[in-house]
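Given the structure is predicted, the values throughout are model-derived calculations rather than measurements.
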Number of protein chains: 2
Amino acid sequence: MSLRHLILALVAARESTGYEITKEFDEVAGFFWRATHQQVYRELGTLADAGLLRFSEVEQHGKPDKKVYAITAEGRKAFADWFREPTDPPRAADPLMIKFFAAELVGIDELRRQLANARARREAILAAYEAIQAQHYSEPMKEMPRWKQLIFMTLRLGMARERAWLEWADESEKVLRT
Amino acid sequence: MSLRHLILALVAARESTGYEITKEFDEVAGFFWRATHQQVYRELGTLADAGLLRFSEVEQHGKPDKKVYAITAEGRKAFADWFREPTDPPRAADPLMIKFFAAELVGIDELRRQLANARARREAILAAYEAIQAQHYSEPMKEMPRWKQLIFMTLRLGMARERAWLEWADESEKVLRT
DNA sequence: CCGCCATATGCAACTATGTGCATAATGGTT
DNA sequence: AACCATTATGCACATAGTTGCATATGGCGG
């Protein structure tokens with residue numbers, strides 16, 4: 001599992017509570033990774049049990065108490081070990097492909113509608129990425145600190161992916177018009 | 001779940017046994033979808049229990065007996081209903097992005113190695129897709145029957161995806177060299 | 001004749017992820 | 001006073017997917 005390692009990395013970068021990590025996921029959601037607060041709290045618990053994280057309970061006034069998690073030496077080692085292992089390219093299973101595969105059962109018109117719908121969603125995603133770029137990554141890459149370049153490259157992958165998909169959709173629409 | 005619907009579509013296209021469907025998955029594996037034989041047999045059972053498929057046991061000589069599954073009217077309807085629902089674009093979570101995100105914890109050199117490794121795998125995948133195209137889809141698309149066009153488009157998406165990734169990798173390698 | 005391969009099906013256990021619900025403090029809104 | 005939003009954490013259950021093991025027939029090569 002990789003969520004485990006992403007949380008490890010987030011906590012390594014900055015000591016955090018489950019709530020804060022969940023918010024980070026919500027903000028970066030889509031162009032990188034997704035996780036619900038349940039998943040986050042559960043993983044934090046598992047990681048703490050395994051000794052890869054430790055936490056201290058912090059009392060607050062005006063807000064409920066919280067648990068601040070920090071990475072341990074063991075956690076750092078586990079992360080580095082995982083990092084050095086080669087990563088399998090993720091399988092990209094798109095249910096829309098099932099619709100292509102089986103379109104003749106239901107009708108090409110309906111497939112066209114499904115494709116148009118998927119296109120609209122993808123266009124919205126790309127627009128959101130472009131807005132993030134315009135807002136946060138408008139300076140030339142050479143001027144960014146290394147950490148920012150790296151995160152920007154993850155956004156660039158998201159954009160490249162959506163653009164490639166949209167070009168494919170153009171081609172598909174052309175074929176379906178015939 | 002979508003595997004359910006893919007199996008429904010496969011059985012609708014041609015009455016099949018679990019074994020045959022598993023082989024279809026192995027052959028199409030990667031450019032479309034993946035499933036183990038366990039998953040396939042389990043889904044077939046579930047679908048039959050739900051009345052979306054029915055099966056007849058066929059005795060064979062020289063080979064173990066088999067169950068041949070066919071789609072029911074209910075199954076056809078369930079598939080069509082699913083088809084008409086809009087599909088969420090799948091979240092594309094790539095663990096390599098975690099490595100970009102957290103590279104400074106482990107070192108940029110190691111990230112470069114990981115990127116080179118991922119590139120090699122992606123290049124192999126693209127080469128495999130291109131081989132499939134050369135072998136099975138070498139004629140102009142206009143000359144293909146509709147069903148073949150549609151399946152070819154799923155392969156084209158796989159190729160578009162890998163090419164986009166490789167272009168992104170070029171860009172990333174350039175940035176990491178600085 | 002022994003082991004391997006292809007055909008054929010399946011259970012059990014585990015991991016991963018998603019959905020729904022529950023709780024609790026405080027401050028602001030209607 | 002009732003309700004909602006924000007901060008903060010978590011259990012229980014359901015669904016999806018993976019891994020390991022089990023079983024059975026029969027042909028083929030060594």
Side-chain angles (χ1 to χ4, degrees), chain A residues 1-8 11 15-27 29-30 32-50 52-53 55-69 82 87-88 90-95 98, chain B residues 1-8 10-11 15-27 29-30 32-50 53 55-69 82 87-88 90-95 98:
Chain A
M1 226 245 301
S2 296
L3 175 63
R4 204 191 260 24
H5 299 104
L6 180 48
I7 288 177
L8 228 35
V11 173
E15 299 191 2
S16 310
T17 66
Y19 190 80
E20 287 166 340
I21 290 171
T22 303
K23 271 200 301 179
E24 282 187 78
F25 274 107
D26 287 346
E27 283 154 22
F32 193 140
W33 211 277
R34 253 174 277 179
T36 62
H37 79 273
Q38 312 290 356
Q39 253 184 102
V40 171
Y41 286 118
R42 211 185 310 150
E43 285 304 333
L44 286 170
T46 308
L47 288 165
D49 287 347
L52 306 185
L53 294 180
F55 65 91
S56 51
E57 273 164 289
V58 176
E59 280 175 59
Q60 299 188 106
H61 38 275
K63 290 175 192 174
D65 295 352
K66 62 184 182 181
K67 290 182 182 177
V68 177
Y69 286 84
W82 170 81
T87 315
D88 283 328
R91 78 168 188 355
D94 187 338
I98 299 176
Chain B
M1 226 244 302
S2 297
L3 176 61
R4 205 191 261 20
H5 299 104
L6 180 48
I7 288 176
L8 229 34
L10 289 167
V11 173
E15 299 193 1
S16 311
T17 66
Y19 190 79
E20 287 165 341
I21 291 173
T22 304
K23 270 200 301 178
E24 282 187 77
F25 274 108
D26 287 347
E27 282 153 22
F32 194 139
W33 212 279
R34 252 173 276 179
T36 61
H37 80 272
Q38 312 291 355
Q39 255 183 105
V40 171
Y41 285 118
R42 212 187 312 148
E43 284 306 331
L44 285 171
T46 308
L47 288 166
D49 286 348
L53 295 180
F55 64 90
S56 52
E57 273 164 290
V58 176
E59 280 176 58
Q60 298 189 107
H61 38 277
K63 290 174 191 173
D65 296 352
K66 62 185 182 181
K67 290 182 183 177
V68 178
Y69 286 85
W82 170 81
T87 315
D88 283 329
R91 80 169 188 354
D94 188 339
I98 300 175

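- Backbone-only contact: Gln39(A) has heavy atoms under 4.0 Å from sugar-phosphate atoms and none from a base.
- By the 4.5 Å heavy-atom criterion applied to side chains, Phe55(B) and Val11(B) are not counted as neighbours.
- Dashed line: the shortest gap from a side-chain N or O of Arg4(A) to OP1 or OP2 of dA16(C) is under 4.0 Å.
- A donor and an acceptor atom sit less than 3.5 Å apart, one in the side chain of Arg42(B) and one in the base of dG17(D).
- A donor and an acceptor atom never sit less than 3.5 Å apart when one is taken from the side chain of Gln38(B) and the other from the base of dG17(D).
- Atom CD of Glu20(A) and atom P of dA8(D) are 7 Å apart (whole Å).
- Computed from coordinates, the Ile21(A) CD1 to dT9(D) P distance equals 9 Å when rounded to whole Å.
- Distance NE2 (His37(B)) to P (dT19(D)): 13 Å, rounded to an integer number of Å.
- In the set dA8(C), dA8(D), dA12(C), the nucleotide with an atom closest to the side chain of Tyr19(A) is dA8(D).
- What separates OH of Tyr41(B) from C1' of dA22(D) is a distance of 14 Å, to the nearest Å.
- When each of Gln39(B), Glu43(B), Glu24(B) is checked for a side-chain contact (heavy atoms from CB on, under 4.5 Å) with Ile7(B), only Glu43(B) meets the rule.
- Between Phe32(B) and Ile98(A) the shortest side-chain heavy-atom distance falls below 4.5 Å.
- The side-chain heavy atoms of Ile21(B) and Leu44(B), taken from C-beta on, include a pair separated by under 4.5 Å.
- The interatomic distance linking Tyr69(A) (OH) with dA8(D) (P) rounds to 14 Å, in whole Å.
- Counting to the nearest Å, the C1' atom of dA6(C) and the NZ atom of Lys66(B) are 13 Å from each other.
- Rounded to a whole Å, the CG atom of Leu47(A) is 14 Å from the P atom of dT15(C).
- The side chain of Lys67(B) contributes an N or O atom lying less than 4.0 Å from OP1 or OP2 of dG10(C).
- For the pair Leu3(A)/Phe25(A), a side-chain contact is recorded, criterion being any heavy-atom separation below 4.5 Å from C-beta on.
- In this entry the distance linking NZ of Lys23(A) with C1' of dA8(D) reads 11 Å, nearest Å.
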